Amino acid sequence: MKKQELTRRQFIAAASASSLAAVASTTLPAYADITRKAGKLAILGGEPVRKDKAWPKWPYVDNNIVDAVVKTTRSGIWCRIQSSHGTVPTFEKEYAKLMGTKLCVATGSGTQALHTCVEALGIGAGDEVITSPYTDPGTIASILSARALPILADLDPATYQLDPGEVEKRITESTRAIMPVHMMGQPCQMEAIMAIARKHRLAVIEDAAQAPLSEYQGKKLGTIAPLGCFSFQASKTIACGEGGAIIGDDEELMDKCYTVHNHGTTRQGRTERIGPKYRMNEFQAAVLLAQLAGAQERFKRRNENAAHLTSRLKECPGVLPQKLYEGTASGAFYIYAMSYRKEHFNDVDRASFIEALAAEGIALSPYIEHGLHQEPWLDNILKTKAYQTAFSPRRLQQFREEMSCPNCDQVCREMLMIWASGPLLASKADMDDIADAILKLYENRDKLSAF
Ligand SMILES: *Cc1c(COP(=O)(O)O)cnc(C)c1O
């Protein structure tokens, strides 16, 4: 009923506008053609494509989650070491099962999970780890916290992922590991990265913080390398406020991760190495356990909606959805990402495009303003005793001089994204709103510079 009314209203809007003559003189255009061209741009006073309609909220909340937190509160088991049957050990078993790995260690955040892996591999002062400049600051924080040197390699500008060729170029005698990041929840070219790691005998830690349940070449992300890390921070597609996890099959390595994250103390209670205290608490795990029940269904829905949106956007040459590597079976869609090509929009800059789209009722974001190679940590670590002692002045100077990632700069300039954890759980009609608004701007691109 609602849909029919909308159709009629939009048809009238279309018919009363400039397209009336065209409609009369040629065959009737398809429904989509009429709606997307309907009327004037909202920013110039026209009707917005989307009005008074909310998106599904994120983080996800239901009564099971609320009940689980209450139950944990009443149980008095608030910390994992109080019980081997508490929510944290149970979550670790369930998450490992879901991912198809033998083991899981839950942590207080994704950054903590990554740092735990770096420490467990014995990586520290004097060592180098290669990762992406286009990521959450937590990625490099995990390397810096171990006083190792994060080396940032440039991206494939169409996929926004670490370019394996650029990784190989940056390997030195001191390189110990590669930390590929599955940006937006979509896979990196893991087979190429693993091959480089084997050739140069490097460890690999997958930063799958944005990518729970995504599959590439028959494997879940986070299970391709020996160690995979996840984040359950409030915005992520499985969320508990702050939280993280490490998964893996190697018992010895996973035991080391447990020891590191447990202030250097083993499961048997021997304190034997350097380690922060990064344990997940029982409330975090209670939320996660209750949320896992529907996680796969929500994951599937995001994928279906993303596929629909991508197929609709094929009509628009100025907006290119994130390119996916062959072998990508599904993605977590933490973010639905696109590149904005202003030459197809009458050279209107991205900020104005976002403003015009917001007026149509669709909120898009530029995401990361600039890559981590453009942030002040680069200069600041060079002034610290830890780095001055662990690396030669020549290496530090070279590190600073070589820190350039032009493809990442391009991605930052062109990025247009939708925070997808909640919005991609909406209906196909909601996806059509996004596509219709973008297509409306495209059809009216000659008027875009007029505001
Ligand atoms: C969120 C995120 C992290 C950090 O996880 P936290 O739980 O916020 O510490 C690391 N890497 C990527 C790619 C992320 O998106």
Side-chain angles (χ1 to χ4, degrees), residues 58-59 91 95 104-119 129-146 150 152-153 155 159-162 177-188 190 193 204-214 216 221-222 224-225 227-247 257 260-261 276-281 283-285 287-288 291 302 322 331-337 365 367-373 375 377 408 411-412 415 417-421:
W58 199 263
F91 171 73
Y95 198 68
C104 171
V105 174
T107 60
S109 74
T111 306
Q112 292 178 9
L114 290 165
H115 180 211
T116 298
C117 292
V118 172
E119 292 282 353
V129 178
I130 302 174
T131 190
S132 170
Y134 195 63
T135 181
D136 184 275
T139 307
I140 59 159
S142 72
I143 301 163
L144 291 168
S145 296
L152 307 181
L155 311 180
T159 61
Y160 323 136
Q161 313 287 8
L162 204 48
I178 307 171
M179 193 180 279
V181 186
H182 302 296
M183 277 308 272
M184 322 302 188
Q186 306 296 340
C188 292
M190 280 306 290
I193 289 167
V204 181
I205 304 165
E206 282 180 80
D207 181 345
Q210 305 188 353
L213 298 171
S214 307
Y216 182 62
L221 297 186
I224 302 171
L227 293 168
C229 293
F230 296 86
S231 165
F232 308 120
Q233 184 268 341
S235 69
K236 304 290 156 91
T237 55
I238 298 175
C240 67
E242 300 282 5
I246 307 160
I247 57 171
C257 288
V260 168
H261 108 298
K277 190 175 170 213
Y278 280 167
R279 296 192 303 236
M280 179 180 276
N281 73 46
F283 299 99
Q284 292 164 302
V287 172
L288 290 171
Q291 201 177 110
R302 288 189 198 98
Q322 178 176 17
F333 288 101
Y334 168 57
I335 283 167
Y336 184 93
S365 155
Y367 194 35
I368 298 168
E369 204 175 310
H370 43 240
L372 289 167
H373 62 296
E375 296 278 348
W377 66 273
C408 176
V411 168
C412 291
M415 177 58 55
M417 62 75 125
I418 303 162
W419 293 107
S421 295

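No experiment lies behind these values; they were computed from the predicted model shown. Every number for a ligand or one of its atoms is a count from 1 in the order of the listing. In this chain, numbering begins with 1 at the start of the sequence shown. Values below: every heavy atom of this structure, side chains too, minus hydrogens, waters and symmetry copies.
- The shortest contact between atom 10 (C) of ligand 1 and any protein heavy atom is with D207 OD2, 3.6 Å.
- Close contacts of ligand 1 with S109, meaning ligand atoms under 4.0 Å from a residue heavy atom, involve 7 (O), 9 (O).
- Rounding to the nearest 0.5 Å places SG of C188 at 12.0 Å from CE of M179.
- Close N/O approach between Q233 and ligand 1 is not found [any backbone or side-chain N/O within under 3.5 Å].
- When non-hydrogen atoms are compared, ligand 1 lies under 4.0 Å from the side chain of A209 (C-beta onward) but not from its backbone.
- In terms of protein heavy-atom proximity, atom 14 (C) of ligand 1 is closest to K236 NZ, 3.0 Å.
- Going from atom CE of M183 over to atom OH of Y334 covers 8.5 Å, rounded to the nearest 0.5 Å.
- Nearest heavy atom pair, residue A332 against residue Q210, reads CB-O, 3.2 Å.
- Those atoms of ligand 1 with a heavy atom of V181 less than 4.0 angstrom away are 13 (C).
- Listed by atom number, the atoms of ligand 1 under 4.0 Å from G110 heavy atoms are 5 (O), 6 (P), 7 (O), 9 (O).
- Considering backbone and side-chain atoms alike, T139 places an N or O below 3.5 Å from some N or O of ligand 1.
- Checking H182 against E206 by side-chain atom types alone, a donor-acceptor pair falls below 3.5 Å.
- Remark: minimum distance from atom 9 (O) of ligand 1 to any protein heavy atom is reached at T111 OG1, 2.5 Å.
- Note that CD of Q233 and OG of S109 are 9.5 Å apart. Values are rounded to the nearest 0.5 Å.
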Practice task
Start with the C-alpha gap between H261 and E119, add the side-chain angles, then the distance that decides, and say whether side chain to side chain donor-acceptor pair (under 3.5 Å) holds.
Solution key: CA-CA 9 Å; H261 108 298; E119 292 282 353; over 6 Å; no

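- Every N/O-N/O distance between Y334 and ligand 1 stays at or above 3.5 Å.
- A distance of 9.0 Å separates CZ in R302 from CG in L213, rounded to the nearest 0.5 Å.
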